[in-house]
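To start, the structure under review is shown below, and the notes come after it.
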Amino acid sequence: MLAGKHQDPEPALRPVEADTQLPPILEPLLGIHSAPDIPWLADAAGTAAERGLGALFALLFLVDTPSGRLFGERPASSDRARGLARLNQELGTNLATLKFDPSEMEAVRSALVEGRARSVQTIAEALMLEMEQKRLSEVQRRLGVAEVWLAPLHWSGESQGLLLLFMPANATSSLQLAELLGRHIAVALKNLRDKEAGRKRGELDAVRWVYDEQRFNEQLSKEISRARRHQRALSVLLLRVENLPDLRVRYGRFLSERLLRQIGATMEDTMRYTDFLGAFNDNGFASILVEADQASAERARERVLEALAKVALPQADLPELQLDFVCATATLAIDGESAAELTSIAQERLGEAPNRDAA
C-alpha cells in the first residue's frame, strides 16, 4: 500500500434532521458497506459512482501490496460485466486483468500518495494502455468522456487502490464527493479484509458468522480507550434471541443456525460502518456503538428491533415461526467505566446473569 502524509480525522457522527435533503450518493453507499466480498464491492462501487455521481463508467483498481502495482478488479454481476466488456472492446484490453505501476503516471501517483481526488482530461493520463494517442482520443470522444476522475481508496493514512470515474461533460457532481466515495470503499475493503483475516485466525463465530466473543471484548476495550482519549461517547448493545432453544427443539439445529446468521446479517445492515458486531453468549449478539450516547443507543436499539421484526428465511414456509428478542444498551461513564461493567449492566437489563469474565 502507498502511505501518504495526509491523515484522515476520525469521523464525527451526528444525527440527520428529518427534513434534510440527502444527496443521491447516500443510498448507493449501503451496497458498498453490505458487499459480501471484493467482486461485489467492485459492483457496488460502480453502482454508487454511476447513480450517485453521474459517472459514465467506473473502474476499481486495488494496490498489490508486495509490488505496489495497481490491478483491475472484476465486478460480480453480469450487468456490470457487460458494461466492462464494452470498455474492454473500445480500449482494446481486458481491464479486469490490467496491471500497471502508478509511479510511472504522475496524476495517479499523486492521488494515491496525497489521498486526494484529482481530475485529468484524457484516459491516457489515468490508464497505461498500449494504444496510439490519436485512436485513444477518438475512443474517448465516442464514449462521451470529458474527463477522468481519480478517487483514491484512502483511509487512515494509506491508499488501498483507486476508483477511476469516466465523467461526461458538465458533470453536476464534485471531486469532493468522489473523494468521499473512495474513502467509503476503502473502509468497506478494510472490513472485508479484516473479516477474511479473522476467518483465517479463527476469530469469527462458526455459527453466527460475526466476530467471536473474545474478539468483541478485545475491540470493546480498544474503543473504550479511544473514547476516553478523545472524550467521546460510546455505548454497548446486547441482543438475545429469547426463544431460540424452543425453536431449536421444534425445527432442528440446522434451521436455528440459519436464523442466527440471518439475524446477524440483518443487524449488520442496520449498523454504521464505524460500529462493531460480535457474538455474545450462546444465542446473542453484541454491538459496539461508537460515539453513541444514551439517546443514540436507544435509537439504535429501536432500529435493530424494527429491522429484526422482518427477519424471514428464504425458501422456508413457516408462517407460524415467531422470534422473540430482548435488547438492551449500556453507555460509557453513565453505566460503567470498563468493558466488563458495560456488558454486565447490559446483561442485567436483558434479564440474565452477567458474564463477569468479560475483558
Side-chain angles (χ1 to χ4, degrees), residues 1-2 38-39 41-154 159-171 173-175 178-179 181-182 185 189:
M1 296 183 184
L2 298 178
I38 292 178
L41 178 61
D43 224 80
T47 298
E50 292 176 13
R51 294 181 183 175
L53 300 179
L56 298 171
F57 303 96
L59 300 173
L60 185 65
F61 289 86
L62 303 182
V63 173
D64 177 61
T65 304
S67 68
R69 300 176 74 193
L70 288 171
F71 64 92
E73 183 59 49
R74 187 187 305 274
S77 74
S78 57
D79 286 345
R80 188 67 51 194
R82 280 192 291 270
L84 182 61
R86 184 192 170 193
L87 274 181
N88 289 343
Q89 184 177 5
E90 292 282 1
L91 297 174
T93 188
N94 186 349
L95 295 168
T97 61
L98 182 65
K99 295 183 180 181
F100 63 93
D101 187 347
S103 66
E104 298 179 8
M105 308 182 72
E106 176 55 31
V108 174
R109 186 201 65 80
S110 177
L112 289 172
V113 172
E114 296 174 8
R116 296 297 186 190
R118 298 193 57 173
S119 170
V120 294
Q121 297 302 307
T122 67
I123 294 176
E125 295 174 88
L127 285 173
M128 190 171 290
L129 300 171
E130 295 181 1
M131 182 181 288
E132 192 265 334
Q133 181 65 45
K134 182 178 179 181
R135 185 184 167 201
L136 187 56
S137 298
E138 291 173 356
V139 169
Q140 183 167 335
R141 284 195 299 272
R142 190 161 57 243
L143 292 172
V145 177
E147 57 184 340
V148 182
W149 290 0
L150 315 175
L153 313 187
H154 196 85
S159 290
Q160 305 174 64
L162 190 71
L163 183 67
L164 294 186
L165 306 175
F166 289 17
M167 303 301 295
N170 303 318
S173 188
S174 67
L175 282 174
E179 188 174 303
L181 175 58
I185 297 170
L189 178 62

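The chain is numbered in sequence order, starting from 1.
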inquiry  = For the backbone of Leu95 and the side chain of Asn88, can you confirm whether one donor and one acceptor N or O come within less than 3.5 Å of each other?
reply    = yes
message = Counting C-beta onward and ignoring hydrogens, is there a side-chain heavy-atom pair between Pro102 and Phe61 closer than 4.5 Å?
response = no
query = Could you give the distance from CG (Leu175) to CG (Leu53), rounded to the nearest 0.5 Å?
reply = 10.0 Å
inquiry  = Quick check: do Val63 and Ser159 have side-chain heavy atoms less than 4.5 Å from each other?
reply    = no
task = Only pairs at least two apart or in different chains count here, so list each salt bridge (Lys or Arg N to Asp or Glu O under 4.0 Å) that has a residue in residues 130-153.
result = Glu90-Arg142
ask   = If you look at every heavy atom in Leu165 and Ala178, which pair is closest and at what distance?
value = CD1-CB, 3.8 Å
ask   = Are Ser103 and Asp101 linked by a side-chain donor-acceptor pair shorter than 3.5 Å?
value = yes
Which atom of Gly54 lies closest to which atom of Pro168, heavy atoms considered = O-CD, 3.4 Å
query = Taking all non-hydrogen atoms of both residues, which atom of Leu164 and which atom of Ala126 are closest, and how far apart?
reply = CD1-O, 4.0 Å
inquiry  = Using 0.5 Å steps for rounding, measure from the CE atom of Met128 to the CG atom of Leu98.
reply    = 9.0 Å
ask   = What are the two closest heavy atoms between Thr97 and Arg74, and how far apart are they?
value = CG2-NH2, 4.1 Å
ask   = Is the backbone of Ala124 close enough, under 3.5 Å, to the side chain of Gln140 for a donor and an acceptor to pair up by distance?
value = no
remark   = Between Leu153 and Leu189 the two heavy atoms that sit nearest each other are CD1-CD2, 4.4 Å
ask   = Is any side-chain heavy atom of Ile38 closer than 4.5 Å to a side-chain heavy atom of Leu62?
value = yes
inquiry  = Counting C-beta onward and ignoring hydrogens, is there a side-chain heavy-atom pair between Leu163 and Ile185 closer than 4.5 Å?
reply    = yes
Leu70 side, atom CG; Met105 side, atom CE - distance, nearest 0.5 Å = 9.5 Å
request  = Heavy atoms only: give me the nearest Arg69-Lys99 pair and the separation to one decimal.
outcome  = NH2-O, 3.5 Å
query = What is the distance from atom CG of Leu162 to atom CG of Leu59, rounded to the nearest 0.5 Å?
reply = 9.5 Å
query = Do Arg86 and Leu143 have side-chain heavy atoms sitting under 4.5 Å apart?
reply = yes
query = Does a donor on one side chain and an acceptor on the other come within less than 3.5 Å for Arg116 and Ser110?
reply = no
